[in-house]
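Here is how names work: the chains are called A, B, and so on, in the same order as the sequence lines, proteins then strands, and each is numbered from 1. The shown structure was predicted, so the numbers you read here are calculated from the model rather than taken from an experiment.
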Number of protein chains: 4
Amino acid sequence: MVVRERGRGRARGRRQDVLGHVVEVMIERGFHQTRFKDVAEASGVAISTLQVYFSTREDMLVEALRTSTRAEVDSMRAEVGELTDPWDQLAGLVDRGFATPVPVWRMLMEFWTAAAYDEALRADSHQLQASYRAPFEAVLNAGIESGAFRTRHEVAVITDLIVTTLDGLLYPRVLAQPQPAVQDLRDLLLDQLRVTLGVAR
Amino acid sequence: MVVRERGRGRARGRRQDVLGHVVEVMIERGFHQTRFKDVAEASGVAISTLQVYFSTREDMLVEALRTSTRAEVDSMRAEVGELTDPWDQLAGLVDRGFATPVPVWRMLMEFWTAAAYDEALRADSHQLQASYRAPFEAVLNAGIESGAFRTRHEVAVITDLIVTTLDGLLYPRVLAQPQPAVQDLRDLLLDQLRVTLGVAR
Amino acid sequence: MVVRERGRGRARGRRQDVLGHVVEVMIERGFHQTRFKDVAEASGVAISTLQVYFSTREDMLVEALRTSTRAEVDSMRAEVGELTDPWDQLAGLVDRGFATPVPVWRMLMEFWTAAAYDEALRADSHQLQASYRAPFEAVLNAGIESGAFRTRHEVAVITDLIVTTLDGLLYPRVLAQPQPAVQDLRDLLLDQLRVTLGVAR
Amino acid sequence: MVVRERGRGRARGRRQDVLGHVVEVMIERGFHQTRFKDVAEASGVAISTLQVYFSTREDMLVEALRTSTRAEVDSMRAEVGELTDPWDQLAGLVDRGFATPVPVWRMLMEFWTAAAYDEALRADSHQLQASYRAPFEAVLNAGIESGAFRTRHEVAVITDLIVTTLDGLLYPRVLAQPQPAVQDLRDLLLDQLRVTLGVAR
DNA sequence: TATGAATGAGCCTTCATTCAT
DNA sequence: GATGAATGAAGGCTCATTCAT
């Protein structure tokens with residue numbers, strides 16, 4: 001029923017479209033450098049219309065970050081769930097993390113740096129972290145329960161290690177730093193996890 | 001050498017002082033939110049004087065980031081070198097990383113996010129990364145040569161793992177996220193490194 | 001005549017209602033500070049509907065002032081006429097002026113200040129003044145004809161004195177100035193009028 | 001020493017000049033219609049400079065009103081003092097009031113209407129009223145003490161009557177209303193005051 | 001008739017920068 | 001060398017108004 005693009009609810013869809021453009025612009029120019037003008041040009045929507053949609057520039061940017069980061073984590077969580085073997089699932093999650101495209105890293109960078117100066121966004125970032133960690137902890141717990149994993153470390157700590165390492169990829173990827181070599185790093189990390197979880201090679 | 005405090009030297013000293021204030025302000029307000037006005041107020045130096053010192057706002061901020069990040073890495077490298085046992089040295093470096101104070105993380109965050117949009121700063125960041133990695137690689141190589149470490153992984157990759165994990169602490173610390181539990185994470189990381197390097201508990 | 005509440009009549013009634021709200025808002029915020037938005041919120045009518053009613057913001061405000069000031073003077077004129085003794089009538093008019101409530105003063109203030117910058121409103125203000133003066137002149141003339149008043153001054157000038165004094169109350173009342181003391185002022189004014197009109201105490 | 005128009009204190013004089021232009025513009029366009037742009041054009045000073053001088057538009061307007069109203073009252077008070085006979089002094093003050101030029105009335109109108117919506121200005125208006133009333137009360141008291149005036153009314157009330165009547169001239173003058181006839185009104189007012197004060201014709 | 005959607009015009013404000021002292 | 005004065009450029013925001021339903 002895309003046909004009824006005209007009528008009272010038309011603005012709703014356009015608003016959503018714009019949010020996508022906001023993220024694009026933000027990735028290209030950075031949070032604080034993103035002007036209404038930029039988004040207007042990128043989206044073809046008049047500045048004043050943007051203000052009707054989002055009230056304030058800050059609100060626009062924040063909403064864009066909120067929705068896109070949430071969507072990103074949701075898509076990750078959806079993507080796993082299909083595998084059944086605990087180790088495969090874990091490795092899948094890790095691989096997903098290593099495969100994060102640079103634009104997504106940039107978006108996260110904008111989100112987190114903005115959060116460093118914004119109380120509300122910081123709270124959001126905590127929620128986001130919890131959402132991101134959940135699948136890891138779930139898989140680890142499932143593996144332990146099923147006997148596939150055996151470890152003397154706490155699930156939370158193992159998750160810490162994985163997630164922290166993945167987060168540590170952000171700047172190297174965004175800044176195109178020569179190190180780390182992701183493939184080798186990924187192999188080493190999984191190697192160590194096998195030892196830690198008592199999984200045969 | 002207090003003598004050259006007058007003449008050209010005095011201005012140089014004042015300039016250096018100002019750079020410290022620039023970093024302070026930048027940590028508090030963020031790179032793009034740091035105005036001449038803020039630095040003038042923090043340092044007690046008139047705006048026009050700041051411009052005499054640094055020409056442009058961007059130049060001022062970039063110089064401040066460059067010098068302070070370099071100083072930070074230099075101080076870290078100086079701090080090690082005293083221990084003799086390879087494992088102790090490695091653990092020392094790791095502990096140093098875990099002990100990084102939040103303000104330093106914030107400074108790094110500003111540096112790296114700025115670098116994401118600035119070619120020159122990005123080059124700087126590559127140099128900085130090399131400087132930061134060097135002591136880790138040196139210790140690892142020394143340990144291998146002395147027979148203290150035995151591993152089938154490349155030194156560069158092991159360094160990748162350590163450094164990436166440490167970098168991954170940045171946002172959690174800056175954003176005061178509940179996870180990771182640094183102490184436990186540190187223990188797990190060292191545990192795994194012991195296995196990887198064939199070091200007895 | 002509730003019947004013509006539907007059709008063209010209903011809109012007319014709603015329009016009238018809105019005019020009342022316009023005056024309310026104008027008294028609270030001032031002529032030039034009164035936005036469509038304010039009136040829309042106060043009246044529960046959509047902005048675009050207001051524009052259908054009144055075309056332009058200025059038109060809306062002007063119409064509201066015109067109708068409300070006229071209504072105010074009309075009500076005053078209606079209120080008198082009942083007393084028979086000329087002096088009582090005159091005193092009644094004066095008392096009515098002294099009893100003018102602050103909101104009415106504010107409305108007049110908005111009307112007159114707007115008129116200072118609007119030719120059409122200024123013409124209205126002249127008409128209004130004439131309407132307001134008429135009862136005073138009528139009473140004075142009647143009193144003179146009946147022999148109740150004896151004076152060597154012209155009726156118009158006496159009216160001037162009364163009306164000007166009453167007008168002079170506007171800002172003190174609106175601004176809640178400590179002076180004048182209205183009761184005492186009223187007594188003194190009437191005292192002097194007795195002398196001027198040759199009326200015994 | 002007008003010569004040192006250049007140097008550190010140059011801005012001071014320019015600022016004062018601008019305030020005059022602000023009043024001019026305000027008289028012509030009204031308080032709320034006075035834009036930075038208008039003042040910039042009238043004074044030849046750049047908008048941003050105006051903001052350096054006065055910070056905010058509102059501040060600029062308020063300061064202009066404050067200083068000009070004060071100056072106006074001061075000049076009135078200075079102008080009297082020269083006469084010696086109490087009645088002549090009183091009549092002089094009244095005549096001064098009747099002679100108030102329309103631009104001054106407009107300025108007062110702007111001041112008072114602005115004060116109606118601004119707490120701080122309202123306080124100013126109270127002060128201004130006190131300053132304006134003072135000479136009237138002084139003359140009345142002096143006349144009573146010297147025996148030139150004899151009255152059973154309080155000085156404050158007589159002052160109320162005079163000042164209120166004068167204030168009542170504001171809108172008629174600003175709006176060029178046909179009434180009152182100022183000369184006749186002035187004569188009647190003075191006639192009545194003679195009676196009230198027991199002064200022979 | 002009534003209203004939601006969209007937009008351009010205009011204004012205040014912040015800020016870096018130039019200039020003169 | 002250091003600083004106050006002045007200004008242009010640019011962005012956010014408010015608001016009236018037009019258009020389509």
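At least one donor-acceptor pair under 3.5 Å links the side chain of B:His21 to the backbone N or O of B:Ala42. The main-chain N or O of B:Ala64 is found under 3.5 Å from a side-chain atom of B:Ser68 such that the two form a donor-acceptor pair.
The base-pairing partner of E:dG8, taking Watson-Crick or G-U wobble contacts with both distances under 3.5 Å, is F:dC15. Pair assignment for F:dT21: E:dA2, on the basis of Watson-Crick or G-U wobble contacts that are both within less than 3.5 Å.
The CD atom of C:Glu24 lies 10.0 Å from the OG atom of C:Ser43; values are rounded to the nearest 0.5 Å.
With F:dT3, E:dT7, F:dT7 as the candidates, the nucleotide lying closest to the side chain of B:Val52 is F:dT3. Here the side chain of B:Arg57 is nearest to one of E:dA16, F:dA16, E:dT17, namely E:dA16. Nearest nucleotide to the side chain of B:Gln51, out of E:dT13, E:dT18, F:dC13: E:dT18.
Map D:Glu58 and C:Gly44 each onto its nearest nucleotide of DNA chain E; the residue landing nearer the 5' end is C:Gly44. Comparing D:Leu50 and B:Val45 by the nucleotide of DNA chain F that holds the closest heavy atom to each, the one mapping nearer the 5' end is B:Val45. Place D:Ala46 and B:Ala46 on DNA chain F by their nearest nucleotides, and B:Ala46 ends up nearer the 5' end.
Side-chain nitrogen and oxygen atoms of B:Arg14 include none within less than 4.0 Å of the OP1 or OP2 phosphate oxygen of F:dG1. Phosphate contact (OP1/OP2 of E:dC15, side-chain N/O of D:Ser48, threshold under 4.0 Å): absent. Here C:Tyr53 reaches the OP1 or OP2 of E:dA2: one of its side-chain N or O atoms lies under 4.0 Å away. Not one side-chain nitrogen or oxygen of C:Thr56 sits closer than 4.0 Å to the OP1 or OP2 atom of F:dA16.
Contact annotation for D:Ile47: base contact, defined as any heavy-atom pair under 4.0 Å involving a base atom.
Rounded to an integer number of Å, the gap from CZ of D:Phe54 to C1' of E:dT14 is 19 Å. In this structure, B:Met60 places its CE atom 10 Å from P of E:dT17, rounding to the nearest Å. If you measure from atom CZ of A:Arg15 to atom P of E:dT7, you get 15 Å, rounded to the nearest angstrom.
Taking the six-membered ring wherever Trp is involved, the centroid distance between the rings of C:Phe36 and C:Phe54 does not fall below 6.0 Å.
Looking at residues 25-40 of chain B, you'll see that no heavy atom sits under 4.0 Å from any atom of DNA chain F.
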Original post:
Could you go step by step and tell me if D:Met60 and D:Val22 meet the side-chain contact (heavy atoms from CB on, under 4.5 Å) rule?
Top reply: CA-CA 8 Å; D:Met60 177 181 74; D:Val22 174; 3.9 Å; yes

Output a table of donor-acceptor pairs, distance under 3.5 Å, between side-chain atoms of residues 108-116 of chain B and any protein atom two or more places apart or on a different chain; print 'none' if there are none.
residue  : atom : partner  : partner atom : Å
B:Glu110 : OE1  : B:Phe31  : N            : 2.8
B:Glu110 : OE2  : A:Tyr117 : OH           : 2.5
B:Thr113 : OG1  : B:Met109 : O            : 2.7
B:Thr113 : OG1  : B:Glu110 : O            : 3.2

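More than 12 heavy atoms of other residues, nucleotides or ligands lie within 6.0 Å of CD in C:Gln33, so this atom counts as buried by the packing criterion.
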